[in-house]
Amino acid sequence: MKTIKIFMMNTTTLIGPFRQLLTMTRLPLKGAVSDDDLQVITEAGIIVSNGKIEAIGKFIDLKASADNVVIHELKGDHVCLPGFVDSHTHICFGGSRANDYAMRNAGKSYLEIAKAGGGIWDTVTQTRKASQEALEKHTVKLANRHLKNGVTTIEVKSGYGLSVAEELKMLNAIKGANEKVAADLISTCLAAHMLPKDYTGTHAAYLTEIATVLFPILKEEQLSHRIDAFVEESAFSAAQITPYFQKAKDMGFDITVHADQFSTSGSQVAVNFNAISADHLEASTEQEIALLAKSDVVATALPGASLGLGCGFTPARKLLDAGGALAIASDHNPGSAPMGDLLTQAAILGTFEKLSNAEVLAGITFRAAAALKLEDRGRIDVGLSADFIGFHTNNYQDILYYQGNLKPCMVWKNGRLVFDKHH
Ligand code: NIG
Ligand code: FE
């Protein structure tokens with residue numbers, strides 16, 4: 001697959017006909033939605049120009065009215081959706097944690113393995129050993145796998161460096177990877193993933209060092225505008241993280257939180273800081289659900305972490321019914337979520353949590369884009385980025401029905417066909 005980022009020449013292209021095109025427009029950012037709310041255009045076409053969507057409508061109408069347009073005519077049945085957005089991943093890392101997985105299945109818990117020196121710290125050790133080039137190459141590989149699965153925007157966290165120099169190495173690797181892949185990689189600084197085991201000072205001293213030394217470099221070198229932290233007793237408590245997030249906020253960073261994975265308190269922190277998103281939430285109770293639902297924080301379910309750890313899912317149904325905004329992301333990482341298949345995971349979450357097709361698809365398109373504060377994607381509408389995908393079927397319901405086994409056969413990014421299974 002060719003993955004160099006090039007922007008569309010000044011050609012205008014009409015693509016179609018799609019048996020069904022789901023625009024994902026006219027749906028609210030928050031709350032429950034039913035499939036009746038979906039806008040489905042049949043026998044549809046899309047006109048793209050300069051990487052943006054110029055028009056959508058019936059293919060024959062667009063064909064009749066358009067001159068000077070290159071026509072990319074599709075044969076057979078295709079359903080079109082917006083390109084997927086994966087708003088939470090850790091795909092920049094070294095090594096493997098296959099042994100952690102085996103140990104968990106033999107009865108050890110994620111937190112026990114971490115205490116014994118495995119877990120996140122094991123990946124930190126292996127990531128520190130890897131060169132920036134090797135990390136970049138691995139990130140490119142995983143991002144391209146995502147792209148073939150229809151994910152055209154991918155958030156990528158640091159957090160396996162855990163020192164100023166090693167976090168910079170990771171963020172530079174992510175930046176380098178972004179230049180080599182067709183998907184957009186949105187980087188997030190997760191230096192507050194855990195207190196590094198080789199750090200001799202306190203949690204507070206570590207966080208102060210990161211905030212005073214690393215944050216200004218992130219700004220200056222435009223390495224990330226997003227700050228994340230793992231809020232959990234085994235990582236950083238709500239009290240420890242508060243001054244850190246305050247500094248980040250004062251410097252104009254967007255905040256996102258690993259919240260309520262094993263115990264609650266993270267979602268309260270997210271709401272206090274008006275974070276863009278609070279992610280995980282497997283342990284959230286009615287209280288946290290209510291809190292998040294009335295806030296502007298996007299609640300992000302990470303079913304891949306539930307599947308990787310063998311624990312319960314984020315209460316997605318309850319979050320939606322309470323009026324919350326629900327995104328669904330893969331959390332792809334070598335420890336808790338090794339699978340990395342967003343569509344499969346989202347479909348399975350839908351099965352267990354009784355989510356409509358509209359809710360699952362919203363969670364991996366425009367609601368996930370909102371979790372990254374991106375308003376130019378996640379829907380198919382005039383003026384938005386021409387990021388969309390085609391599936392070989394005539395019924396959009398098949399996409400979740402096959403629980404991720406029906407993969408996209410075509411992926412367009414910024415109006416360019418970047419993956420085509422037929423060729
Ligand atoms: O989102 N919970 C903390 N961080 C990651 C896991 C990282 C790892 O296990 O390497 C997560 O699940
Ligand atoms: Fe994560």
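Order of listing sets the numbers, starting from 1, for every ligand and every atom in it. All values below come from the heavy atoms of this structure, side chains included, with hydrogens, waters and symmetry mates left out.
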Nearest-contact summary for atom 2 (N) of ligand 1 - protein heavy atom, Å: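 Sorting protein heavy atoms by distance from atom 2 (N) of ligand 1 puts Q261 OE1, 2.7 Å first.
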No-hydrogen, no-angle side-chain donor-acceptor test under 3.5 Å, [X] and [Y]:
X: D331; Y: H88; result: yes
X: Q39; Y: T23; result: yes
X: R226; Y: S187; result: no
X: H332; Y: D86; result: no

Does F93 come within less than 4.0 Å of ligand 1, judged by its heavy atoms? no
Is it true that E232 lies under 4.0 Å from ligand 1, counting heavy atoms only? no
Parallel, tilted or perpendicular, as decided by the 30° and 60° cut-offs, for the rings of [Y] and [X]:
X: H193; Y: H90; value: parallel
X: F215; Y: F253; value: tilted
X: H258; Y: H280; value: tilted

At a cut-off of 2.8 Å, list the protein N/O/S atoms near the Fe ion (ligand 2), residue plus atom name.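 Metal shell, protein only: H88 NE2, H90 NE2, H258 NE2, D331 OD1.
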Salt bridge flag under 4.0 Å for residues D198 and R128: yes
[X] neighbourhood, listing ligand 1 atoms whose heavy-atom distance to it stays under 4.0 Å:
X: R97; result: 8 (C), 9 (O), 10 (O)
X: Y110; result: 6 (C), 7 (C), 8 (C), 9 (O)
X: G335; result: 9 (O)

Heavy atom under 4.0 Å from ligand 1: found in A305's side chain, backbone, both, or neither?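 The answer is neither; A305 stays 4.0 Å or more away.
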Geometry only, no angles: is T123 polar-contacting ligand 1 at N/O separations under 3.5 Å?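 Such a contact does not occur with ligand 1.
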